[in-house]
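Right, one structure below, let's go through it.
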Amino acid sequence: MAAAEEPARRHSSGTRGTGRRPAGAPSRPAKKGPAWAMRTAAEQLTELIGRPPESVSALKPTNDGWEADVEVLELERVPDTTSVMATYRVALDKEGDLVSYERTRRYTKGQIDRRG
C-alpha cells in the first residue's frame, strides 16, 4: 500500500497545476500582463504623490503600453464616508515606466457613482 501512495504524494507536493514555485527555486521574470501593470501603475503613482492607492478601478492596454485609473484617499475625515477620494489616470509605456498621470475626479468615499 505504501508503494501505491508514493506517486500520489509526489504529485500532490509538486508544483504541477498550482502555479507555485518550490521553496528556494529561482524566481521567474514577471510577465508584463494586467496584474503587473496594475502593481506598476499604483507603485509609481505612490512615489509621485506620496499617498498609497486604495485600489485600481480600471485598466486597459493601449498601443503604447497600459492606462490605469487609480483610486487614492486624499483627505481622511470622520465619518469615513465623508473622506475625499480622487481618481488618477496613469499611463505606462510598454516597459512599465510612468509617462503621464492626471487627476480626473474627486468625490466623497460614500458617494455613489451615477455615471453609466
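Closest approach of V72 and P52 over heavy atoms only: CG1-O, 4.1 Å. Taking all atoms of both residues into account, the shortest heavy-atom contact from S83 to R77 is OG-N, 2.9 Å. Heavy-atom minimum distance, G96 versus T40: O-CG2, 3.1 Å. Of all heavy-atom pairs spanning R106 and V84, the tightest one is NH2-CG1, 3.4 Å. A pairwise comparison of heavy atoms in V90 and L98 identifies CG1-CD1, 3.5 Å as the closest pair. Of all heavy-atom pairs between T46 and P53, the closest is OG1-CD, 3.0 Å.
Atoms CZ and CG, from R89 and L45 in turn, are 13.0 Å apart once rounded to the nearest 0.5 Å. Separation of atoms OG1 (T82) and NZ (K109) is listed at 10.0 Å; rounding is to 0.5 Å. Note that the CG atom of D69 and the CE atom of M38 stand 11.0 Å from one another [nearest 0.5 Å].
No continuous path of hydrophobic side-chain contacts links I49 to M85 [ILVMFWY only; heavy atoms under 4.5 Å]. Linking ILVMFWY side-chain heavy atoms closer than 4.5 Å, directly or via other members, places L59 and W36 in a single hydrophobic cluster. Grouping the Ile, Leu, Val, Met, Phe, Trp and Tyr side chains by contacts below 4.5 angstrom, directly or via other members, places Y107 apart from V70.
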Test log, rule side chain to side chain contact (heavy atoms under 4.5 Å, CB included), inputs L92 and Q44: CA-CA 10 Å; L92 303 175; Q44 291 190 51; 4.3 Å; yes

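Checking side-chain atoms of T87 against main-chain N and O of E71 turns up no donor-acceptor pair under 3.5 Å.
You'll find the side chain of R51 stays beyond 4.5 Å of the side chain of L73, heavy atoms only.
The local environment of CD in E102 is crowded, with over 12 non-hydrogen atoms from other residues, nucleotides or ligands closer than 6.0 Å.
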